[in-house]
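Notes to accompany the following structure.
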Amino acid sequence: MFCAKMISVKEYLKGLNGKQKEAALHTKGPLLIVAGAGAGKTKTITHRILNLIKEGVPPQKILAVTFTNKAAKEMRERIISLLGGENALPFVSTFHSLGVHIIKENARLLGHTKYFTILDEGDAASLIKDVLKELGVDPKQYDPKRIRNIISREKGKFTHPEEYEVSAEGTIGKIVARVWHLYEKKKMKENALDFDDLLLKAVKLLKENTEVRKIYQERWEYIHIDEYQDTNEVQYLMSKLLCGDKHNICAVGDADQNIYSWRGANLKNILSFEKDYPDAKIIMLEENYRSTQNILEAANEIIKKNKMRPDRNLFTKNKTGEKIGLYGALDEADEAEFVATKILEIMDSAPEYSSRFPRQPGELAQGFTLDISQGSNHAISGSKPATKSSSGLSEIAVLYRANFQSRALEEAMLRYNIPYQVLGVKFFERKEIKDTLAYLRAALNPDSLSDIKRIINFPVRGIGKATLAKIFAGQKDALPAKTLLKVNSFYELLGEISEKVKTSRASEIIKYVIKKSGIENELLLGGEEDIERLENIKELATLALKYDNLGDGAGVEKLLEDASLASDQDGLMINQEAKVKKGASAVKLMTVHASKGLEFRHVFITGLEDGLFPHQRRGERDGASDREEERRLFYVALTRAKEKLFLCNAQFRTIFGSRSINAPSEFIADIPSDLLEREGESSGIKTIYL
DNA sequence: CCATAATTCTTTTTT
DNA sequence: AGAATTATGG
């Protein structure tokens, strides 16, 4: 119905290409946007939302769901900038926080309070461990994490525990069935939900309760689902239930970028979109605006080798660009050294940075301690904080398959005085942060045993295992008088905190907790490490300032929610805001998974060794599809780069403290050699052996 | 109950 | 290699 004339009228869509415009203008009925890497996916979706609003749809009627907080944040910001000063905004959320939202509004229906505790994977695994012990199963023989994974996978498939019990096979299956049952019971008793529950319970509500379903279907008339290829069964059901009969669903995705099948992501969802919504409009975005032709060609060659994929190719009008650099390193230290020196070279080639870095590795800033565990943002003391021109550094990313690889890279960055930031150090998973938050959670949810367990004897109060067991068994009166006194004063403390929560702002409460609990005193007495921990908690208080305007009580509640749902990158993002704001720009180190959705002028892909990338995992799952997933992962890595790409592999790598020899990844050989260019060999390959 | 010593993991990717 | 968990003795 819309003709060229009408399109031309919409000034605000003029930055889009034909296909993108078509997508933005298709507002009624189901729409699938198949968007290749760098094809302007977010731009299209945000403009579509803009168009809806311009056509008169109230912003609150629009929902956009993403996978990560970072993606949600970016989308929100881009919508805000498109809308200008408008005050009402669409509801942009991750799947998990949408789940929390729905559950909180209906907590009673599920037998929970709105202060339910969210268990992270660690909490969940330790709860499973307790369950195993209770059932008389040796947790060493049956790894709690593994059991947790199996349960998680089943929950992601929307399997009922009873259903599973019937179909469970083998010894493990039987054990899982028993554990699962008790695990659910315990969570209920603790008023706690695991990550899967956040989606599952929300879907159950929507599915089984007509009124609830109606409320949300009416609340949101237009829904958008980002990264549709990564949805699992539960998320798929959620999207379906939310869009109801109106079918105003816009899904965006790219089958080639499905890298989460190990988490239950089901390609079927995107591949059978047309079956689910027969009147669906499908739009393919195949022009890449991000990368040079060389980079894109390499990526196309890599992904072509997968069998299970749509037949299509991205193209670009960008220039040919430089060749892809290739470096065969001796070991991980050599590899890291190469990366570091290359980064300096890159910075040197931009004249405005040339004076910033020391030329020799020896010129280190004095008094700088090497502290890998902290990760985060190491703007080097002694080197001037980078100013406006320093954005160059943040245009560089170093990618790797597994988190442990960051270590060697960090050491090199420190030696060469290159400011860097590691995405993957989970601020909210640090012990001191978890401890502090546990006080708040326990105060709000007195049933939360996992939180109480964590803090009842930290700082040391002389309440040990035996005492704990008695309390949990409801036999407080069986305690010796002296112990009872300690226990009571602990619960009084929780009571005081809970009172304080109702009457104070988030940042104040954090300070209150560390004082009253004795955490502060404890850490002040400790060594250097403890002081650093205290600093981290203070950072938490700073971060909490942002929640102060939500009002007394509500601020803490939201802070706790965000803390539970913050992934590593998000967590760090928040963590860093304070530091980065000062203008420090840094090279980014992260896993390939974490890099999805991002782009950088210069990208290093490290650890391209057989067994590491593609990663060799132990059996269990179907090898062929795993291999294809590794390939998709490499494809994602390649397509992050805009201008220059470096590939590195190391002959030797130390894993678990012992050195292993690795052949270069097959991926390197899969790239046409005319796209590659050797960056020189490491010295001494022949001489050093062991 | 707690501090220290000994032992056993860890490393795939994440909401 | 280093962290984390568990065993041991006070």
Side-chain angles (χ1 to χ4, degrees), chain A residues 65-72 93-100 118-122 124 126 129 139-140 143-145 148-149 152-153 155-156 193-200 227 230-232 234-235 258-265 332 372-373 399-408 411 423-424 426 428-429 431 456-468 480 482-483 486 529 561-571 590-596 607 611-618 620-621 626 629-630 632-634 636-637 653-660:
Chain A
V65 189
T66 64
F67 270 80
T68 63
N69 294 301
K70 187 166 41 169
S93 154
T94 64
F95 269 109
H96 287 82
S97 64
L98 176 61
V100 170
I118 299 170
L119 303 177
D120 65 24
E121 286 311 332
S126 74
K129 196 171 171 187
K140 275 188 187 140
D143 179 19
K145 276 194 214 130
R148 160 74 194 140
N149 278 338
S152 179
R153 181 167 283 264
K155 287 173 90 167
L193 299 175
D194 65 21
F195 282 140
D196 308 312
D197 291 330
L198 301 181
L199 306 172
L200 199 54
E227 307 280 13
D230 284 335
T231 51
N232 68 16
V234 174
Q235 288 157 334
N258 163 39
I259 54 174
Y260 287 108
S261 72
W262 50 274
R263 214 169 70 187
E332 69 270 21
I372 283 137
S373 67
L399 308 183
Y400 37 81
R401 177 66 238 261
N403 276 309
F404 77 92
Q405 292 173 254
S406 72
R407 226 196 145 95
E411 282 172 23
L423 285 82
K426 307 179 184 183
F428 288 110
E429 285 197 4
K431 187 182 174 297
I456 197 164
N457 203 30
F458 180 82
V460 176
R461 294 189 178 85
I463 305 174
K465 251 190 193 160
T467 312
L468 203 60
K482 231 178 164 179
T483 317
K486 296 177 192 163
E529 262 186 21
E561 182 187 324
D562 286 355
S564 302
L565 295 177
S567 75
D568 51 356
Q569 299 97 315
D570 309 319
M590 69 187 92
T591 64
V592 181
H593 280 89
S595 76
K596 184 151 98 158
L612 183 60
F613 198 5
H615 197 273
Q616 168 91 55
R617 42 192 108 188
R618 53 224 139 161
E620 283 208 38
R621 296 191 48 231
D626 280 355
E629 178 142 327
E630 289 295 310
R632 288 194 294 271
L633 192 57
F634 186 52
V636 167
R653 190 171 290 275
T654 310
I655 300 175
F656 281 147
S658 63
R659 225 164 183 219
S660 63

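Chain letters run A, B, ... following the sequence lines, proteins first and then strands; every chain starts at 1.
For A/Phe67, the ring pair (Phe, Tyr, Trp, His ring centres under 6.0 Å) partners two or more places apart in sequence, or in a different chain, are A/Phe95. In this structure, the side chain to side chain contact (heavy atoms under 4.5 Å, CB included) partners of A/Asp197, at least two apart in sequence or on a different chain, are A/Lys155, A/Glu184, A/Lys187, A/Leu193, A/Asp194, A/Leu200, A/Lys201. With sequence neighbours excluded, the residues forming a side chain to side chain contact (heavy atoms under 4.5 Å, CB included) with A/Ala402 are A/Phe404, A/Gln405, listed by chain and number. Checked against salt bridge (charged side-chain N to carboxylate O under 4.0 Å, His left out), A/Glu227 has the following partners two or more places apart in sequence or in another chain: A/Lys41, A/Lys596. Every salt bridge (charged side-chain N to carboxylate O under 4.0 Å, His left out) that A/Arg401 has, sequence neighbours left out, goes to A/Glu630. Residues satisfying the side chain to side chain contact (heavy atoms under 4.5 Å, CB included) test with A/Asn457, not counting sequence neighbours, are A/Val460, A/Arg461, A/Ile463. Looking at residues two or more places apart in sequence or on another chain, you find a side chain to side chain contact (heavy atoms under 4.5 Å, CB included) between A/Glu561 and A/Ser97, A/Val100, A/Lys104, A/Lys558, A/Leu565. Shown here are the salt bridge (charged side-chain N to carboxylate O under 4.0 Å, His left out) partners of A/Arg653, two or more places apart in sequence or in another chain: A/Glu335, A/Glu609. Applying the salt bridge (charged side-chain N to carboxylate O under 4.0 Å, His left out) test to A/Lys486 and every residue at least two apart in sequence or in another chain returns nothing.
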Could you list all N or O pairs between the protein and nucleotides 6-10 of chain C that sit under 3.5 Å apart?
| unit_1 | atom_1 | unit_2 | atom_2 | d |
| --- | --- | --- | --- | --- |
| C/dT6 | OP1 | A/Lys129 | NZ | 3.1 |

Which atom pairs link the protein and nucleotides 2-4 of chain B when you take only N or O atoms and keep those under 3.5 Å?
| unit_1 | atom_1 | unit_2 | atom_2 | d |
| --- | --- | --- | --- | --- |
| B/dC2 | OP1 | A/Gly462 | N | 3.0 |
| B/dC2 | OP2 | A/Asn457 | ND2 | 3.2 |

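For the pair A/Asn403 and B/dT14, the criterion of a side-chain N or O lying under 4.0 Å from OP1 or OP2 is met. Remark: A/Thr654 is not in phosphate contact with C/dA1, judged by side-chain N or O atoms under 4.0 Å from OP1 or OP2. The phosphate of B/dT12 (OP1 or OP2) has a side-chain N or O of A/His615 nearer than 4.0 angstrom. Note on A/Thr467: a side-chain N or O is less than 4.0 Å away from OP1 or OP2 of B/dC1.
Where A/Asp143 and A/Ala402 meet DNA chain B, the nucleotide closest to each residue was compared, and A/Asp143 sits on the side nearer the 5' end.
Ring geometry, A/Trp262 versus A/His593: the interplanar angle exceeds 60°, so the pair is classed perpendicular (tilted spans 30 to 60°).
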Check your understanding: How far apart are the C-alpha atoms of A/Arg153 and A/Asp196, what are their side-chain angles, what is the distance that settles it, and do they pass the salt bridge (Lys or Arg N to Asp or Glu O under 4.0 Å) test?
Key -> CA-CA 9 Å; A/Arg153 181 167 283 264; A/Asp196 308 312; over 6 Å; no

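No N or O donor and acceptor, one from the side chain of A/Arg263 and one from the base of B/dT15, sit under 3.5 Å apart.
B/dT13 and C/dA4: their P atoms are spaced 16 Å apart (whole Å).
With rounding to whole Å, A/Tyr400 atom OH is found 13 Å from B/dT12 atom C1'. When the C1' atom of B/dT14 is taken as reference, atom CZ of A/Phe95 falls 15 Å away, rounded to whole Å. As rounded to whole Å, 10 Å separates atom C1' of C/dA4 from atom NZ of A/Lys145. Counting to the nearest Å, the P atom of B/dT13 and the CZ atom of A/Phe613 are 12 Å from each other. Whole-Å rounding puts the A/Arg401 CZ to B/dT14 P distance at 9 Å. One atom, CD of A/Glu629, and another, P of B/dT12, lie 14 Å apart when rounded to the nearest Å. Between the CD atom of A/Glu630 and the P atom of B/dT13 there is a distance of 11 Å, rounded to whole Å. Per the geometry, CD belonging to A/Gln235 stands 16 Å off P belonging to B/dT14, to the nearest Å.
Aromatic stacking is not marked for A/Phe67 over B/dT15, as the cut-offs of 5.5 Å for the centres and 30° for the planes do not both hold. Aromatic stacking of A/Phe195 on B/dT15: not satisfied for centres closer than 5.5 Å together with planes under 30 degrees.
Among the nucleotides B/dT14, B/dT15, B/dT11, the one closest to any side-chain atom of A/Glu121 is B/dT15. With B/dT15, B/dT13, B/dT11 as the choices, the nucleotide that has an atom nearest any side-chain atom of A/Phe404 turns out to be B/dT11. Set against C/dG2, B/dT13, B/dT15, the side chain of A/Arg407 has C/dG2 as its closest nucleotide.
A/Tyr260 comes within 4.0 angstrom of the backbone, heavy atoms only, and of no base. Using a 4.0 Å heavy-atom criterion, one finds that A/Ile655 contacts the bases of the nucleic acid, with or without backbone contacts as well.
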Read 5' to 3' with Watson-Crick or G-U pairs under 3.5 Å, [ ] for crossing pairs and | for partners on another strand, DNA chain C gives ||||||||||

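If you take CZ on A/Arg263 and OG1 on A/Thr231, they are separated by 11.0 Å, rounding to the nearest 0.5 Å.
At least one donor-acceptor pair under 3.5 Å links the side chain of A/Thr68 to the backbone N or O of A/Ala71.
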